[in-house]
Amino acid sequence: MPGGIRLQKALAQAGVASRRASEELIAEGRVSVDGQVVRRFGARVDPESSEIRVDGMLVNTAPDRLYFALNKPRGVVSTMWDPEGRPTLSDYAGQTEERLFHVGRLDTETEGLILLTNDGELANRLTHPRYKVVKTYVAKVPGPVPREVVRAVRKGVELEDGPVQVDSFRVVENHEPKALVEIRLHEGRKHIVRRLMEAVDSPVSDLARTQVGPVGLGTLKTGTMRALTAREVSELYTAAGM
Ligand code: URA
């Protein structure tokens, strides 16, 4: 290809590894470009359009494709603009030139992890039930949590719009009068966690999302945003079947 940049430079710019370490990945045959394993360091690629994979995982080499994790505060609406003038995600999304989409929604009263990106395809896939991306929530409920509640949630609960099956459910802290439970599930019906816990007589007073697929909230402070790492982006692509 005339023009373009060297493969190891594209990998280094994408944040995969240093240029030296990227050369090693190439030499080891772990890098493919547009479906072909490339072992030559000099190979030139177009970072905007080449499909570059490391160990089969797609790498974001286009510098204008952006991915962020935001720790949404309670009271913020999960839209980029609100006709009623309430605080929205765009108040926290910083000064990017690009138009960002939010991946799914959280209730206004729910806090925690929401992904923002200008990659419409990834955003759509991550919210599609087909890809079964698991989300993790931590909920404050009345404590101590009776064993029957744990059993009932794990078994599956019937809601008015159909059954809900969790991927996992555990009690994290079992105090009186409040307990913390962790719920992992791969669906996104409206108010699903609140409705689920309500159905087993353990109404949620506080709810936070701590993880979406491979991306965790970690120590991200409420109301702040960080760029995802190259690895997290690759793992999201994989989770979304890309
Ligand atoms: N479940 C809820 O009830 N609320 C959310 O915001 C997310 C999942």
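If you're wondering where the values come from, they're calculated on a predicted model, not measured in any experiment. Order of listing sets the numbers, starting from 1, for every ligand and every atom in it.
Atoms of ligand 1 found under 4.0 Å from any heavy atom of L106 (numbered from 1 in listed order, with element): 6 (O). Which parts of ligand 1 touch T110 is read off a 4.0 Å heavy-atom cut-off, strictly below it: atoms 4 (N), 5 (C), 6 (O).
For the pair D107 (side chain) and E109 (backbone), a donor-acceptor distance under 3.5 Å is absent.
The local environment of CZ in R189 is crowded, with over 12 non-hydrogen atoms from other residues, nucleotides or ligands closer than 6.0 Å. Surrounding CD of Q36 are at most 12 heavy atoms belonging to other residues, nucleotides or ligands under 6.0 Å away.
A salt bridge links R74 with D206; the closest basic N to acidic carboxylate O contact falls under 4.0 Å.
To the nearest 0.5 Å, the span separating NE2 on H175 from NZ on K140 amounts to 10.5 Å.
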- Message: Using the rule given for side-chain hydrogen bond (donor to acceptor under 3.5 Å, both in side chains), can you reason through T110 versus R194, listing the C-alpha separation, both sets of side-chain angles and the distance that settles it, and then say yes or no?
- Response: CA-CA 10 Å; T110 301; R194 294 176 197 273; 2.7 Å; yes
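Between V193 and ligand 1, at least one N/O pair is under 3.5 Å apart. Considering both main-chain and side-chain atoms, Y137 never comes within under 3.5 Å of ligand 1 through any nitrogen or oxygen pair. Close N/O approach between R194 and ligand 1 is found [any backbone or side-chain N/O within under 3.5 Å]. Between D107 and ligand 1, at least one N/O pair is under 3.5 Å apart.
Which of L185, L207, L196 comes nearest to atom 2 (C) of ligand 1 through a heavy atom is settled by distance: it is L207.
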